[in-house]
Structures are given as structure tokens and as C-alpha cells.
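Chain naming here is simple, since letters A, B, ... match the order of the sequence lines and numbering starts at 1 in each.
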Amino acid sequence: MRLATWNVNSVRARLDRVLAWVDRSDVDVVALQETKCKDEQFPTQAFEDLGYQVAHRGLSQWNGVALLSRVGLEDVATEFSPAVPHFGEPAAAEARAIGATCGGIRVWSLYVPNGRTLDDPHYLYKLRWLEVLRDAGREWLAADPELPVALVGDFNIAPTDDDVWDPAFFEGSTHVSGPEREAFAALVEAGFADVVRPFTPGPGVFTYWDYQQLRFAKRQGMRIDFVLGSPGLARRVSGATIDREERKGKGASDHAPVVVELDAP
DNA sequence: ATGGTAGACACTCTA
């Protein structure tokens, strides 16, 4: 079984590319982030025509997450916890998570809030959001330590200095700060391992390259998209790739798809 | 090449 995650940065703006990638990549489950549309605008039929069931969560032109599956799509949920924080006054829900059971795996497509800057209220919102995710994940595994869970998506955190093209460039920025890296480490400590890294060793291995300043051509990126697997999932991982080819050319997302190969349970 | 990247939407926000 093959499981993928991909921040597409608008599913409608590059629908042809997304469909072509899904169709040629032999993926059973695909988690999308930043679909940038409401549910009624999501091109559900086009993915169904490729043989996938579809679950999407989108409330506005921002954020938006989806799951595509050709191995079943059950028990869809849009909040991983009743304690998920909302941003703003009044607090407004954002479409940053959707979960479902696909082929026996509990998969969550996640778009972690961008902290913007270290002194922005969005930064604390991001840290709180990650804390609630960690608590939820911990509870799931406490109830069933063998539950196969995949927390996948755009975490907007580069966990180590090897995960950015130049640590000095990011000094004082989000994505690399101590508290963000501690929040990521807390997810790992809760039982969710980065199952891609063993197959894609760095440094210099990235999943995102800014559109500006020819960052992709200069190989100046960040590794911020992950597949985090519970023990019951992680031990089944037999391979993983970052499809940087998909970042090339006109009309590419600024993120590359990440694909994990799983053995049968 | 007087720009700077891109997407949503309607003017400025988000990343």
C-alpha cells in the first residue's frame, strides 16, 4: 500500500497536474493540504473518476484539507480533539484537519498553522494547536498502542538545522524556533515517528521551496512535510520518497509530494 | 524585462 501527502497550494489552480500525479503515482491514499477552496468548490468528481473516494474539509479560500482513498474511507472526522484551538476574536474554525480510516489505517491530513512571526498571535496558536494534537495522539495510543495511525501533512516546522538550506537565513524566524522544534519532538515522543527520514537522509533534502528567488533551482528549501507513524504503522514502512520532480516546471506547487510504501499488516 | 512569486478574490490577505 502506498500513502502520500502533498500540500498542493490550490487544487483548482493546478487540477490537471494534481490529477496527473495521482493517476501515475499508484497511490492508495493521498492526503492533500491547502486546497484553498470550500467543500462545494472541491473537484470531487474528477478524483472519483480516477477511482478514489473523497473527503474534503474547506471553509473559505484559505487552508482546506482532503483525503483521497481507493482502499476505503470510513469514520471521517474534521477535528482531532474538541480542544482544537480556533484563532481570532471571535474565534473562527479553520479547515486544517481531516481524518478517516483507510485500508485499516487512521490517517489524518494536517495543515499546521503558519506562525507568521515569533511575536504574532498566530505563533502561539500554532504551538497550542500542536500541543492539542500531541495530547490527542497520546490518547489514541493509550487506548490502543497498536493502532496504525498516520499523522501526515504540512507541519510548518523544520525539525533540525539539516532541514533548512541555511540555518543563519532563518535565524529569528518561525519554523525553526526552539518551541516549534520542541512541539515536533513532543509528537515523536508521543509515539509518532518520522518514517520518511530513514529513507531520505539529509542534509539538503527538502519538501518545500519558496517560489521567490529561484529557491528550487538553487536547491534552497525546507523539509516541513512529514509522515509521522505510530508504532503499529512505522514498523510496516518499507520505503519512502520525496517526489521533487513534481516541483519542477510551470504550474508546480511550492511543495513536493511525499510517498510512503507500506507492507501488509 | 523598471520586476521581484503565487493564489484567492476584489483590494489586500496569506504563505
Side-chain angles (χ1 to χ4, degrees), chain A residues 5-21 31-44 46 56-66 85-97 109-130 152-159 163-166 169-177 179-181 183-184 206-226 244-258:
Chain A
T5 184
W6 188 13
N7 178 323
V8 293
N9 185 25
S10 172
V11 70
R12 292 176 296 165
R14 54 185 56 79
L15 182 59
D16 289 351
R17 270 188 84 129
V18 175
L19 290 171
W21 185 86
L32 302 176
Q33 300 87 37
E34 274 209 277
T35 60
K36 286 188 168 175
C37 65
K38 301 175 185 180
D39 286 344
E40 61 267 29
Q41 298 171 309
F42 189 82
T44 299
H56 179 261
R57 162 97 163 152
L59 301 171
S60 70
Q61 70 269 45
W62 309 124
N63 316 308
V65 284
H86 297 316
F87 187 83
E89 192 56 53
E94 295 182 321
R96 295 186 176 275
S109 178
L110 304 169
Y111 181 43
V112 176
N114 183 307
R116 303 192 181 188
T117 58
L118 298 183
D119 58 359
D120 191 296
H122 287 87
Y123 179 71
L124 294 175
Y125 167 54
K126 174 183 193 174
L127 293 176
R128 178 64 186 148
W129 197 95
L130 288 161
V152 313
D154 178 356
F155 285 74
N156 272 315
I157 299 171
D163 300 316
V164 297
W165 61 275
D166 179 7
F169 180 86
F170 291 96
E171 211 167 297
S173 307
T174 60
H175 296 63
V176 301
S177 73
E180 288 165 283
R181 286 177 169 176
F184 188 89
F206 306 126
T207 64
Y208 160 85
W209 300 261
D210 199 300
Y211 287 123
Q212 299 184 60
Q213 309 294 334
L214 298 172
R215 293 288 182 220
F216 181 68
K218 292 189 275 194
R219 299 180 178 267
Q220 297 175 339
M222 310 175 79
R223 193 173 73 100
I224 57 176
D225 300 88
F226 298 94
R244 69 183 300 286
E245 289 299 307
E246 180 54 34
R247 179 63 180 79
K248 296 180 179 177
K250 187 175 164 59
S253 169
D254 43 2
H255 296 250
V258 179

First encountered from the 5' end of DNA chain B, between A/Asp154 and A/Gln41 = A/Gln41
task = Mind checking side-chain contact (heavy atoms from CB on, under 4.5 Å) for A/Ala20 and listing every partner two or more places apart, or none if nothing turns up?
result = A/Arg24
Could you write out each protein N or O paired with an N or O of nucleotides 4-6 of chain B at a distance under 3.5 Å?
from, atom 1, to, atom 2, distance (Å)
B/dT5, OP1, A/Gln213, N, 3.0

remark   = Comparing A/Gly251 with A/Arg116, nearest DNA chain B nucleotide closer to 5' gives the residue A/Gly251
Inter-nucleotide C1' distance (B/dT5, B/dA1), Å rounded = 16 Å
key: Under the side-chain contact (heavy atoms from CB on, under 4.5 Å) test, residues paired with A/Asp119 that sit two or more places apart   = A/Thr117
inquiry  = Once side-chain contact (heavy atoms from CB on, under 4.5 Å) is applied, do any residues pair with A/Ala183, and if so which ones, sequence neighbours excluded?
reply    = A/Leu127, A/Leu130
ask   = Counting only side-chain N and O atoms of A/Arg96, is one of them less than 4.0 Å from OP1 or OP2 of B/dT14?
value = no
remark   = Those residues at least two apart in sequence (or on a different chain) that pass side-chain contact (heavy atoms from CB on, under 4.5 Å) with A/Tyr211 are A/Asn9, A/Arg14, A/Arg247, A/Asp254
ask   = Mind checking the C1' distance from B/dA10 to B/dT14? Whole angstroms is fine.
value = 15 Å
key: Which atom of A/Arg17 lies closest to which atom of A/Lys250, heavy atoms considered   = NH1-O, 2.8 Å
query = What integer distance in Å separates A/Tyr208:OH from B/dA15:P?
reply = 11 Å
inquiry  = With a 4.0 Å cutoff (strictly under), does any side-chain N or O of A/Arg12 reach OP1 or OP2 of B/dG7?
reply    = no
request  = Name all residues meeting the salt bridge (Lys or Arg N to Asp or Glu O under 4.0 Å) criterion together with A/Arg128; count only those two or more places apart in sequence or in a different chain, and write none if there are none.
outcome  = A/Glu131
